[in-house]
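Worksheet: one structure, shown below.
This is a predicted model, so every value here is computed, not measured. Note on naming: letters A, B, ... go to the chains in the order of the sequence lines (proteins, then strands), and numbering restarts at 1 for each one.
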Amino acid sequence: MPRFITELKRTHRCGDLAKADVGKEVVLFGWVNNRRDHGGAVFIDLRDREGVTQVVFEEDVRPEVHELAEKLRLEYCVGVRGKVVSRGQNVNPRLKTGEIEVHATDLEIFNRSEPLPFQIEDQLDTAEEKRLQYRYLDLRRAPLQRTLVTRARINHVTRSYFTEAGFLELETPFMVKYTPGGARNFLVPSRLNPGKFYALAESPQLFKQLYMIAGFDRYFQIVRCFRDEDLRLDRQPEFTQIDVEMSFVSQDDVFDAIEGLVVRLWKEILGVELTRPFRRLPFDESMDRYGNDKPDLRFDMPHVVLTGLVKQHQGGGVPLLAGAVEEGGMVKAMRVPVSANLSRTEVDKLEELVKGMGSRGLARAKVGEGGEWTQSPFAKTITPELRRAVNEACGAQPGDLILFQFGKASVVHTVMANLRVHLAKRMGLIPEYGPGGQWRFLWVVDPPLFERDEATGQWAAAHHAFTRPRDQDLPYLETDPGKVYCWRYDLVLNGFEIGGGSIRLHDPQVQARVFKAMGISAEEARAKFGFLLDALKMGAPPHGGIALGMDRLVMLMTGAESLRDVVAWPKTQKGTDLMTGAPGDADEKQLRELYVKSTWEPG
RNA sequence: GGGGUGUUAGUUAAGUCGGUUAUAACGCCGGCCUGUCACGCCGGAGGCCACGGGUUCGAGUCCCGUACACCCCGCCA
């Protein structure tokens, strides 16, 4: 028998074979996806990354090969030589290669497999914990194989697009100087510099701006970033972004470049034609209507801000609302149509949900035929005028339910935003993801430059300190920083922020005024960003850019439910790797070399 | 840091009101079978009921704590 691999080279992939190949002698390598032993004939589904082919070992063809085939078990890694034969009438319509099969004449078992902790099948309900512990097995499953293949293609299309558009793919350091503010950094102790630490870059932000100042004009990079923050469904501690920076551009130019990429990705990867330009929504309007800056626009269910109405009616006979407004808080409502058919028990459950998000409760009102309210804490005391006004503002019809939140604006927004999504899911308003799904792209634009730090009362940069304010707002920098809006933008898709960027502040004079408004002294600014401030003074071009979250993009394009399904080797919510056991201990010698001592004590 | 859900053979689940030997399916092992493709049939092995306390004559089941996983809030310029 000839030797596989050295003498018998692979001729085809398991998913390739079709009727046209009938009569050919082929050599396939792969894994035993399934076996059906009928005594005189053994059927094997052989799998590689391209698909599955049925292989038949018949006793009366090669007895010694058939005997070996009887020993095959799930996930044995094998090589097979044989002839492609038509299945005639006996096709398997569920298999791409279902019209043919391979009648084997040779078989080599490269490696046996112990019984697996879980089976390799498309529909798997094994706990994610188990899957992550044996991730190399999990990755054998077709859905994950498809996802990573798609991810590779997205990488490829992205590189082609930017390269063709005159962008240079340039690298930036991962080990950088720690700069305070923003995301928490991972720290790396420096052996050669006792007591000093590098930070792992949370983004290439400053370096890509320096590329512009260095004259490279158009940059992109598919780059890993690191943030030591708590994890979520859509957040991993290391993640990949498509990072872009351009010189001599306006916001529209950046949008144009990015929409071009997105349209091409959707067309080449999903075969979907998107329409341009994408919708734009001012930040303030997004907050008012949807409670956050990343609304899912596949359904409507907008919020209604009632703060003004309550003021206008002097509280309208409802002490709770009046009090909230007096304390500078906000009042919001949302109409839940009668068609939602929410039971009182369900609404009570919603109340538990919102309490978990920092709300004190969920006030509600059931609207009657004449517009009167029942099942509501407000019903007894509210003035008919305010009630009518609220009904009208919400567009409430008899049978509808109105849900209220009032108090601190940030909590009201968060709670109502989550309620909106929760109810939409409950009501079945959200269409499926995937190629046939709806793609609601949105640019959220024109946010305020500053937000007030709730703890200190100080004005702080809402994003980063190098975002360019709108020219017409510059006078407010000194008088009323809350009124300064800026050239910052987020790209949103179906409720996920998939990108964010800004036109940068390239004017050192304005930069100094922004720092001042933030309460950062010139000395402090120097200490933190000296190198960038110097660079801005030496002929920095006007520039701007954006970063797209590659992982989220892949997640949405593949219809995956979690970022962990599109990252090959993800971390758990506590940032651990269940397969390798990272993070692990460091021994005394390592720590000594690094001049590091742990203060951690067990228990 | 806070709120919530979960943890029972290798895997996924069932387990009544607290009561005798903890069930099933798939997988695994042995046997039979030449047209299956979720193959079928016969037989078998496999359990510290996450861990630590408690209540009880008696705990998989009730109570408290811990660990781990997941979802959310805070956090993520």
Side-chain angles (χ1 to χ4, degrees), chain A residues 33-45 52-61 66 70 73-75 85 87-95 97-98 101 103 113-134 137 179-185 202-203 205-206 225-237 239 349 352-359 410-411 414-415 417-418 421-422 447 449-451 453-455 460-467 488 497 500 502 518 528-529 549 561-562 564 571-574 576 578 603:
Chain A
N33 201 50
N34 201 2
R35 79 181 166 108
R36 294 171 293 279
D37 185 347
H38 283 246
V42 175
F43 297 86
I44 296 296
D45 293 337
V52 169
T53 292
Q54 174 164 281
V55 180
V56 190
F57 301 89
E58 292 178 306
E59 193 169 24
D60 49 17
V61 178
H66 172 263
E70 291 206 296
R73 293 295 180 271
L74 295 182
E75 297 305 311
V85 174
R87 293 212 204 176
Q89 297 301 303
N90 199 14
V91 302
N92 180 355
R94 293 175 58 191
L95 216 55
T97 59
E101 63 191 10
H103 285 210
S113 171
E114 291 185 11
L116 302 182
F118 52 84
Q119 279 147 270
I120 310 300
E121 50 196 7
D122 291 12
Q123 296 296 321
L124 187 71
D125 42 17
T126 295
E128 201 177 1
E129 202 174 343
K130 238 356 142 201
R131 294 171 44 202
L132 291 178
Q133 188 184 342
Y134 300 96
L137 295 179
T179 50
R184 196 177 284 125
N185 289 97
E202 62 190 69
S203 94
Q205 183 60 39
L206 301 182
C225 302
F226 307 87
R227 290 181 191 176
D228 187 10
E229 295 293 346
D230 285 10
L231 279 61
R232 285 281 194 289
L233 182 83
D234 60 350
R235 291 196 330 226
Q236 282 275 308
F239 59 97
K349 271 190 195 147
E352 291 309 307
L353 186 81
V354 303
K355 280 181 179 170
M357 294 186 280
S359 171
S410 57
V411 176
T414 301
V415 169
N418 281 304
V421 174
H422 187 90
L449 181 61
F450 299 102
E451 60 190 20
D453 185 308
E454 274 171 8
H463 289 281
H464 68 84
F466 297 92
T467 300
R488 150 112 209 148
E497 182 198 319
S502 62
M518 288 166 60
K528 288 175 182 171
F529 307 108
E561 283 170 7
S562 156
R564 291 184 299 274
K571 304 278 192 289
T572 68
Q573 197 162 48
K574 273 189 75 184
T576 62
L578 293 178

- Item | Base-pairing mate for B:rA69 - Watson-Crick or G-U, with both contacts under 3.5 Å |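 Its partner is B:rU5 (Watson-Crick or G-U wobble, both distances under 3.5 Å).
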Could you tell me whether the phosphate oxygens of [N], OP1 or OP2, come under 4.0 Å of any side-chain nitrogen or oxygen in [X]?
X      : N      : answer
A:R235 : B:rC72 : no
A:T126 : B:rG10 : no
A:N418 : B:rC73 : yes
A:K574 : B:rC68 : yes
A:R94  : B:rA38 : yes
A:R36  : B:rC39 : yes

Write down the distance separating the [atom1] atoms in [N] and [M], rounded off to the nearest Å.
N      : M      : atom1 : answer
B:rU8  : B:rA22 : C1'   : 9 Å
B:rC68 : B:rC62 : C1'   : 23 Å
B:rC63 : B:rC17 : P     : 14 Å
B:rC42 : B:rG47 : C1'   : 25 Å
B:rC28 : B:rU11 : P     : 15 Å

Could you give the [atom1]-to-[atom2] distance, from [X] to [N], as a whole number of Å?
X      : N      : atom1 : atom2 : result
A:L231 : B:rA69 : CG    : P     : 11 Å
A:N34  : B:rU36 : CG    : C1'   : 10 Å
A:Q119 : B:rA13 : CD    : P     : 14 Å

- Message: Stacking between A:H38 and B:rC39, defined as ring centres under 5.5 angstrom apart with planes under 30°, is that present or not?
- Response: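 Aromatic stack with B:rC39 present for A:H38.
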